[in-house]
Amino acid sequence: MASFFRGIAGNAVLTLILGILLIMVPGVAAGALVSVLGWILLVFGIIYLVMAFRAGGLTAGPVATGLLALASGLALLIKPGVLVSLCGIVLGLFLVIHGFQDLQQARQSKALGYGWKPSMIIAVIKLVMGALVILNPFSTAALLIRMAGIFLVVDALGDLVLVWS
């Protein structure tokens with residue numbers, strides 16, 4: 001059980017670092033994330049295609065998967081702005097999903113007789129923040145990314161509070 005909480009704490013620290021980067025340098029941070037994702041997809045696509053060709057049975061599924069990953073990686077490397085513009089929606093969905101997970105955790109804590117109110121409050125806050133990011137009430141992508149960074153910092157701090165409580 002201790003390793004489970006260490007995993008949550010480690011994830012929270014990484015989320016905190018990402019949130020701070022998004023706040024401090026939104027364009028650079030988002031561009032770097034898109035580039036890393038592009039390279040990962042590119043390498044994954046190449047590896048998948050090589051494995052498909054080595055296997056000898058060139059079925060449509062593995063080849064199509066490799067080509068799709070390769071094309072997606074190239075697209076992200078050539079036009080990173082497209083994904084950067086969707087960054088807020090992705091982060092908003094992350095917060096909503098994490099909020100629902102925390103909501104479930106609060107319900108389980110309540111059923112087991114543990115303190116559940118802080119978890120429930122944090123879950124509702126995450127759900128509201130995620131909805132705000134998805135609805136994109138801000139006019140510039142940089143502001144949206146900064147707001148998402150703030151939300152990620154709050155998310156990470158909430159997780160750290162839950163782990164330590």
Side-chain angles (χ1 to χ4, degrees), residues 1-44 68-69 72-165:
M1 191 67 152
S3 64
F4 173 73
F5 288 116
R6 277 192 297 251
I8 291 175
N11 184 34
V13 168
L14 292 175
T15 302
L16 181 64
I17 292 168
L18 175 61
I20 290 169
L21 284 173
L22 291 177
I23 293 167
M24 301 298 282
V25 284
V28 174
L33 287 174
V34 170
S35 293
V36 168
L37 180 60
W39 282 108
I40 290 171
L41 285 171
L42 187 73
V43 170
F44 173 77
L68 181 63
S72 298
L74 284 172
L76 291 177
L77 291 171
I78 293 169
K79 296 197 95 170
V82 172
L83 188 61
V84 170
S85 66
L86 297 174
C87 188
I89 294 171
V90 171
L91 290 172
L93 288 173
F94 168 79
L95 287 167
V96 167
I97 291 167
H98 206 173
F100 279 120
Q101 289 173 340
D102 288 354
L103 191 64
Q104 181 64 26
Q105 180 185 4
R107 291 178 55 190
Q108 289 174 346
S109 294
K110 183 178 180 183
L112 294 172
Y114 295 114
W116 58 275
K117 290 180 183 177
S119 296
M120 183 68 72
I121 292 168
I122 290 169
V124 170
I125 290 170
K126 287 180 186 180
L127 288 169
V128 169
M129 289 187 312
L132 286 173
V133 171
I134 290 170
L135 293 174
N136 191 6
F138 309 106
S139 61
T140 66
L143 182 57
L144 177 61
I145 292 171
R146 279 193 176 105
M147 290 303 297
I150 291 169
F151 295 160
L152 287 175
V153 167
V154 170
D155 177 46
L157 293 175
D159 283 348
L160 289 172
V161 166
L162 291 175
V163 166
W164 283 314
S165 66

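This is a predicted model, so every value here is computed, not measured. FYI, side chains are in, hydrogens and waters are out, and symmetry mates aren't considered; it's all heavy atoms of this structure.
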In Å and rounded to the nearest 0.5 Å, what is the [atom1] to [atom2] distance from [X] to [Y]?
X    : Y    : atom1 : atom2 : value
M129 : L95  : CE    : CG    : 5.5 Å
L152 : L157 : CG    : CG    : 11.0 Å
L37  : L77  : CG    : CG    : 9.0 Å
F94  : L18  : CZ    : CG    : 8.5 Å
L16  : L160 : CG    : CG    : 7.0 Å
M120 : K110 : CE    : NZ    : 7.0 Å

Inset, instruction - Under the side-chain contact (heavy atoms from CB on, under 4.5 Å) rule, what do K126 and D159 come out as? Steps first, then yes or no, please. - result: CA-CA 11 Å; K126 287 180 186 180; D159 283 348; 2.9 Å; yes
Inset, instruction - Answer whether the closest heavy-atom distance between the side chains of K79 and L74 falls below 4.5 Å. - result: no
Legend entry - Side-chain heavy-atom pair L162, S119 within 4.5 angstrom cut-off: yes
Legend entry - Charged N-O contact under 4.0 Å between R107 and D102: no
Legend entry - Atom of A156, atom of A12 and distance for their closest heavy-atom approach: CB-O, 3.1 Å
Inset, instruction - Of all the heavy-atom pairs spanning W116 and A106, show the shortest one and how long it is. - result: CB-O, 3.3 Å
Inset, instruction - Check each of I125, I122, T15 against D155 using the side-chain contact (heavy atoms from CB on, under 4.5 Å) test, and report the only one that passes. - result: T15
